[in-house]
Amino acid sequence: FPSHDSTASDMIRGRGAWWDKEGVAIHLGNRVIYGGKTYSPAQVPSDSIYEAAKHLAFDTDAPISNKQAHDFMTLMEMLAWSNPMHAKLAAGWCVVSHIGGVLHWRPHIWVIGARGSGKTYVMSNVINPILGKNRLFVQSASTEAGIRQRLGKDSLPVLFDEAEGEDAIAQARIQNVLQLIRQSSYRDWE
């Protein structure tokens, strides 16, 4: 999710991937990779303002190999999805979730299933480790306002575990979170 509102504060950029005048900027908190060079957040040659923040782990020198990508896809296909295509969709989301801020349309996934079907296993043992610490993890009692506040200006993936609406209050809270998801899906650049 981006913590995007359409005000003048759009010039302030938190951690994550962003479009800027020279192309993609990868803001890692303590440094920004932009135009093939690395800058401190205060030194980025841009009209945007990159805020210094807690460092994100990111190694541009060690991308995953084709074999590792194949092994990850094989693992996803081994899980008990109701439709085999869901393995590809979930894997695709894992790949693009860190660059959501550069996409015109940011995809979202919602892993659903009956109690005991393995949702928490998939989230805890597959998706969460793939994303690493460069994400926001929230749980069932989280609200739209709480998620927005914790993200600040960051453009990071969000994992929401145990998002179930057991009563009217929980259902309303989930609807507000879904509204935030809808709002964060599309990004229009001038």
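Because the structure is a prediction, the values reported are computed rather than measured.
A continuous path of ILVMFWY side-chain contacts below 4.5 Å connects V177 to I112, so both sit in one hydrophobic cluster. Criterion: ILVMFWY side-chain heavy atoms under 4.5 Å apart, direct or through other members. Under it, I127 and V158 are not part of a common hydrophobic cluster. With hydrophobic clusters built from ILVMFWY side chains whose heavy atoms lie under 4.5 angstrom apart, L159 does not share a cluster with V95.
The CD1 atom of I181 sits 8.0 Å away from the CZ atom of F160 when rounded to the nearest 0.5 Å. Between atom CD of residue Q171 and atom CG of residue D167 there is a gap of 7.0 Å, rounded to the nearest 0.5 Å. We find the CD1-OG distance between I109 and S97 to be 8.5 Å, quoted to the nearest 0.5 Å. One distance of note links NE2 of H98 with CG of L156; it measures 8.0 Å at 0.5 Å rounding.
Residue pairs satisfying the ring-ring contact (aromatic ring centres under 6.0 Å, His included) criterion with at least one member in residues 55-96, sequence neighbours excluded, are absent. Within the structure, salt bridge (charged side-chain N to carboxylate O under 4.0 Å, His left out) contacts touching residues 64-90 (residues at least two apart or in different chains) are K67-D71, E77-K88.
The backbone N or O of G14 sits nowhere less than 3.5 Å from a side-chain atom of D154 that would complete a donor-acceptor pair. Side-chain atoms of N134 come within 3.5 Å of backbone atoms of A57 as a donor-acceptor pair (strictly under, hydrogens ignored). At distances below 3.5 Å, at least one donor-acceptor pair connects side-chain atoms of Y34 with backbone N or O atoms of E22. The closest donor-acceptor contact from the side chain of Q68 to the backbone of S65 lies under 3.5 Å.
A heavy-atom distance below 4.5 Å is found between the side chains of V24 and W19. For the pair H27/V32, a side-chain contact is recorded, criterion being any heavy-atom separation below 4.5 Å from C-beta on. Inter-residue side-chain proximity for H108 and W110 is flagged as unmet; no heavy-atom pair is nearer than 4.5 Å. Contact of the P41 side chain with the E51 side chain is not registered, since no non-hydrogen atoms from C-beta on lie closer than 4.5 Å. Within the 4.5 Å cutoff, side-chain heavy atoms of Q183 are placed close to those of R148. When side chains are defined from C-beta on, Y39 does not count as touching Y50, because their heavy atoms never get closer than 4.5 Å.
Every residue meeting the side-chain contact (heavy atoms from CB on, under 4.5 Å) condition with T143, not counting sequence neighbours, appears here in chain and number order: A145, R173.
Defined by atom type and a distance below 3.5 Å, a donor-acceptor pair is present between the side-chain atoms of S155 and R106.
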